[in-house]
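This chain uses plain numbering: 1 for the first residue, then up along the sequence. Owing to the predicted nature of the structure, the values given are computational and were not obtained by experimental measurement. All ligand and atom numbering here is 1-based and tracks the order in the structure.
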Amino acid sequence: MANRFTHILRAPHQVSFDITNKCNLRCLHCFNSSGENDVVKNELSDEEVLSFIRSLVPMQLYNVCFCGGETLIRKDLLCKCIKELKPSGTHCSMVTNGILATDETIMELEQSGLDAIQFSLDGMEAAHDKLRNKTGVYTSVMRAIHFVINNTNLHLSIAFTPTNFNLDDFEIVYEELAQIWKNSKRVKTGDYIELRLQPLMLLGRAKNNLGIVPTDDQYRRLVQLIREREAYRYSKSIDVKWGDPIDHLIRFKDNNNFLDQAIVHANGDIVVSAYLPIVVGNINKHSLSDYWNHGLNDIWSKRVIQYLVSRMQSIHDMEELTDTIADINMDNGLSFDLMECDLDDLNLIKEVLLS
Ligand code: SF4
């Protein structure tokens with residue numbers, strides 16, 4: 001049954017857009033196999049990206065997040081996109097591994113109107129470079145973090161991916177960030193660093209590197225450490241956030257929530273969740289606004305989506321589902337078009353079952 005609040009929103013609050021799925025790294029855990037998946041063969045052109053971004057302006061979104069892949073591989077395009085969005089008041093954020101985040105690039109992004117930036121930092125040098133599969137990455141990202149804190153007003157987020165070899169580094173990273181912040185002018189601004197963690201998703205390249213997955217005991221210890229830090233986060237100006245995508249998927253399915261964000265891949269595909277290989281449209285076929293008003297705003301109530309999400313209770317189910325269907329960003333994933341088919345059609349579930 002459709003959610004009765006669905007039509008309150010005439011547009012999503014947020015759009016997450018993979019501006020590219022190319023990457024200058026091959027991280028051991030990369031959930032969408034950036035750099036090596038089927039999307040990189042078929043990315044939107046610069047003109048298609050700008051046209052898509054311009055189509056978002058009238059929707060007056062709260063936030064557009066530029067994700068990837070490595071976003072700075074398309075830095076010039078990224079700056080153009082931000083400049084298109086800013087006059088409408090849209091908050092712009094981005095994620096990056098930091099390698100290409102030189103001082104000049106960071107300044108150019110801020111001058112274009114960027115509001116927030118997220119770097120990945122998975123521990124101290126040995127652990128970070130091991131997970132990122134390349135030496136020198138830690139040095140680059142730490143230099144960029146220092147620069148952002150000391151020379152910009154950008155809101156800063158740090159994503160820390162837990163593995164079985166970096167949990168002891170979590171406290172050190174926390175203290176190190178707190179120290180850099182404390183010694184900067186930013187400490188008086190009321191701003192803070194978001195330190196984000198989530199379980200390591202058993203998707204993409206992580207499925208080929210299962211030896212790095214934390215044990216249950218390690219996860220329990222990590223959650224304890226996070227709780228301890230949550231208690232005094234405001235005095236330290238660091239807000240630790242634990243987010244579990246499986247938890248979100250289950251709650252969205254069970255509560256029949258309306259969707260407040262849309263996720264668009266680098267080839268224009270619209271997906272239900274970054275962690276499910278289910279495509280429900282493409283922005284080169286119809287506008288995001290048309291998809292929104294044609295069922296994307298109520299996607300969690302659709303029987304096909306309900307059925308697929310009901311198969312997931314843990315990250316291991318996610319691994320199994322992508323084993324039987326396809327991995328994220330691979331051509332043979334499930335693909336529907338909301339404008340052309342009825343996701344409430346029970347026959348479609350039979351087809352999915354047989355696929
Ligand atoms: S995790 Fe990020 S930096 Fe690493 S390969 Fe994937 S997209 Fe690139």
* Do Tyr291 and Asp337 have side-chain N/O donor and acceptor atoms under 3.5 Å apart? -> yes
* Going by the atom numbers of ligand 1, which of them fall below 4.0 Å from some non-hydrogen atom of Arg205? -> 5 (S)
* To do: Using the side chain to side chain contact (heavy atoms under 4.5 Å, CB included) rule, take Ser157 and Ile117 through it: C-alpha gap first, then chi angles, then the decisive distance, then the call.
  => CA-CA 6 Å; Ser157 299; Ile117 191 163; over 6 Å; no
* Structure fact -> For atom 2 (Fe) of ligand 1, the closest protein heavy atom turns out to be Arg132 NH1, 4.0 Å
* Please could you name the atoms of ligand 1 that Asn97 approaches to less than 4.0 Å, counting only its heavy atoms? => 3 (S)
* To do: Mark yes or no for whether Asp115, through its side chain, and Ser93, through its backbone, hold a donor-acceptor pair below 3.5 Å.
  => no
* **Under 4.0 Å to a heavy atom of Gly69 - the qualifying atoms of ligand 1, by number** => 7 (S)
* Asked: Does a donor on one side chain and an acceptor on the other come within less than 3.5 Å for Glu70 and Thr96?
  -> yes
* Asked: Can a donor-acceptor pair be found between the side chains of Asn37 and Asn32 at a distance below 3.5 Å?
  -> no
* Looking at atom 8 (Fe) of ligand 1, is one of the N, O or S atoms of Cys27 less than 2.8 Å from it? -> no
* Proximal atoms of ligand 1 relative to Leu25 (non-hydrogen, under 4.0 Å) -> 5 (S)
* His29 near atom 6 (Fe) of ligand 1 via N/O/S, less than 2.8 Å -> no
* Taking the six-membered ring where the residue is Trp, are the ring centres of His265 and Phe17 under 6.0 Å apart? -> no
* Structure fact -> Taking only non-hydrogen atoms of Ser34 and a 4.0 Å limit, the atoms of ligand 1 in range are 6 (Fe), 7 (S)
* Structure fact -> If you scan protein heavy atoms around atom 6 (Fe) of ligand 1, the nearest is Cys30 SG, 2.3 Å
* Should we count NZ of Lys207 as having more than 12 external heavy atoms under 6.0 Å? -> yes
* Which ligand 1 atoms are under 4.0 Å away from a heavy-atom of Cys23? -> 3 (S), 5 (S), 7 (S), 8 (Fe)
